[in-house]
Amino acid sequence: MYATSYHRASSVEEAVQLRSAHEEGKYLSGGMTLISTMKQRLAAPSDLVDLRHIPALRGISIEGRRVKIGAATPHADVAASQELRALCPAICDLASHIGDPHVRQMGTIGGSIANNDPAADYPAGLLGLGATIVTDRRSISADDFFVGLFETALEEGEMVTAVLFDAPEKAGYAKFNNPASRFAMTGVFVAKTASGVRVAVTGAGSDGVFRHPGLEQALTSSWSADALANVSVDPSSLLSDLHANAEYRANLVKVMAKRAVAAAG
Amino acid sequence: MTRTIHLSLDINGKQHELDVEPRVTLLDALRESLALTGTKKGCDQGQCGACTCHVDGKRVLSCLTLAAQVEGRQITTIEGIAAEGGDLHPVQAAFIENDAFQCGYCTPGQIMSAVACIREGHAGSEEEIREYMSGNLCRCGAYNSIVAAVREAAEMAATGVAAKDKAEVA
């Protein structure tokens, strides 16, 4: 790891100020990707601004069916929240299968979506739920937030502070994970929301998380796994790597979508 | 940027003062600066779990945590879980009782993870233990004995009978 400096922010304002004072600085949340990347010398921020000591960024609050999750809330807290489980069990189940128990204690929802790993789970969950991502300066819809591989709509120095969503009528998530890393080789989140059915796919797209209109239309006509039987998934925009080729992933998208619908009930 | 910073870390109930570079991980601080070498460096990239410690009672990977991040937190390492009189922690006793290791390198991490796994309430069945111990690899493949040790320690925690007492009775 290259040398760096460490700053601990105690408020969002302080964090943004510290970050803007260091052009080559980075926000540090759980660090489960960033520190590993720094160790491999693939990232070399001059300064780290630690966000995990900002009370306002942590915790889950629920008003009616409106859910707000603070950006520095670790996956383990989302997985264990009984209040959230009562409204949207799919997002708790998704969080409970990220990485391993150690990673879930440190890794945070804000860090995960800001990193936007093409095989991460939360991007599918938030895109599937039609969530809103709140930053220190604006609100961004999930449809606009996830731009490409490790790329988001966040501007230089912009920081995710929370995610907001309305609990869906039904939702489910299923992933076929890489047995070693637990990253999704393909993961599908399905949700029946007030504004319609949404299906988001992670781990499979060559440009990161995406919605699948064909699967959405089929589930809009009939919310059942059988309704997906005749939907075709085009492999031409899917990833091929040593774990699975695009055709195999195309098949996984359908299989995981069916399982997600079954999980949603 | 290569300057050192002063940290005051609460480790196993004692305050430790150290001067380290900001990039130093908790794992390296423990091993290199404080001579607490019970915490092991396996992969050093967050995959094997050999470096598992507790921060405020939660299990974390000390290789992916900077020492600076945990200043002001309560850190517990394998050196800090036995009773003051020297009696082994029930999970340590259960690992010996069940021969839950071969080379022993992953064992401190396995034990720290197991203590947290039981405390979290995720040791109810063999399947649950395997899932919630999945962050700790054992390249000798002592998994069956590790699972047995965790089960036994979990049962002991529930019933209050220590493994060594059970052994003496037997």
Side-chain angles (χ1 to χ4, degrees), chain A residues 1-10 22 24-53 72 74-77 79-80 93 96-108 111 177-183, chain B residues 1-7 20-28 41 43-73 109-110 112-114 116-117 119-123 128-137:
Chain A
M1 193 190 300
Y2 291 105
T4 189
S5 294
Y6 173 84
H7 311 271
R8 183 179 287 192
S10 53
H22 303 285
E24 298 295 315
K26 266 196 186 294
Y27 293 119
L28 172 65
S29 194
M32 294 296 94
T33 300
L34 180 55
I35 293 178
S36 170
T37 310
M38 287 171 69
K39 282 188 156 187
Q40 296 170 72
R41 295 191 164 188
L42 296 171
S46 65
D47 295 79
L48 294 171
V49 180
D50 191 350
L51 306 179
R52 276 182 114 260
H53 301 263
H75 312 325
D77 289 9
D93 291 340
S96 74
H97 288 97
I98 298 172
D100 59 44
H102 306 65
V103 166
R104 297 197 287 270
Q105 296 294 354
M106 286 296 278
T108 65
N177 62 16
N178 178 304
S181 72
R182 301 290 185 93
F183 270 110
Chain B
M1 271 201 315
T2 51
R3 63 178 170 57
T4 59
I5 51 172
H6 182 78
L7 297 177
V20 292
E21 282 189 52
R23 63 178 164 176
V24 168
T25 59
L26 174 59
L27 173 62
D28 286 341
K41 182 181 278 197
C43 69
D44 205 25
Q45 51 185 328
Q47 295 177 358
C48 76
C51 67
T52 305
C53 293
H54 295 176
V55 173
D56 289 344
K58 306 282 176 63
R59 45 180 156 166
V60 303
L61 297 162
S62 62
C63 76
L64 288 189
T65 305
L66 300 180
Q69 283 177 280
V70 292
E71 190 178 36
R73 307 294 204 206
Q110 297 280 0
M112 295 308 286
S113 201
C117 177
R119 191 190 293 142
E120 290 161 14
H122 288 308
E128 193 180 22
I129 291 167
R130 284 184 186 274
E131 171 62 26
Y132 281 87
M133 289 294 290
S134 66
N136 292 80
L137 303 184

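A heavy-atom distance below 4.5 Å is not found between the side chains of Thr65(B) and Gln105(A). Residues Asp100(A) and Gln47(B) are not in side-chain contact: their nearest non-hydrogen atoms beyond the backbone lie 4.5 Å or more apart. Looking only at side-chain heavy atoms (C-beta outward), Asp44(B) and Lys39(A) come within less than 4.5 Å of each other. Between Ser134(B) and Arg182(A) the shortest side-chain heavy-atom distance falls below 4.5 Å. Counting heavy atoms from C-beta outward, Thr52(B) and His102(A) have side chains that approach closer than 4.5 Å.
Nearest heavy-atom pair, Arg23(B) versus Thr4(A), reported as atom, atom and distance to 0.1 Å: CB-CG2, 4.1 Å. The two atoms that bring Tyr132(B) and Pro101(A) nearest to each other are O-CG, 3.4 Å, heavy atoms only.
Here the side chain of Arg8(A) pairs a donor or acceptor atom with the backbone of Glu71(B) at under 3.5 angstrom. Using modelled atom types, one side-chain atom of His53(A) and one backbone atom of Gln69(B) make a donor-acceptor pair closer than 3.5 Å.
When heavy atoms are compared at a cutoff of 4.5 Å, Leu34(A) does not approach chain B at all. Contact of Met106(A) with chain B is made through the side chain alone, with heavy-atom distances under 4.5 Å. Heavy atoms closer than 4.5 Å to chain A are found nowhere in Cys117(B), neither backbone nor side chain.
Counting heavy-atom neighbours within 6.0 Å of Glu24(A) CD, excluding the residue itself, gives a total of 12 or less.
By number of non-hydrogen pairs under 4.5 angstrom with chain A, the leading residue of Glu120(B), Gln45(B), Arg59(B) is Arg59(B).
Atom CG of Asp50(A) sits about 8.0 Å away from atom CG of Leu66(B), to the nearest 0.5 Å. If you take CD on Glu21(B) and CE on Met1(A), they are separated by 10.5 Å, rounding to the nearest 0.5 Å.
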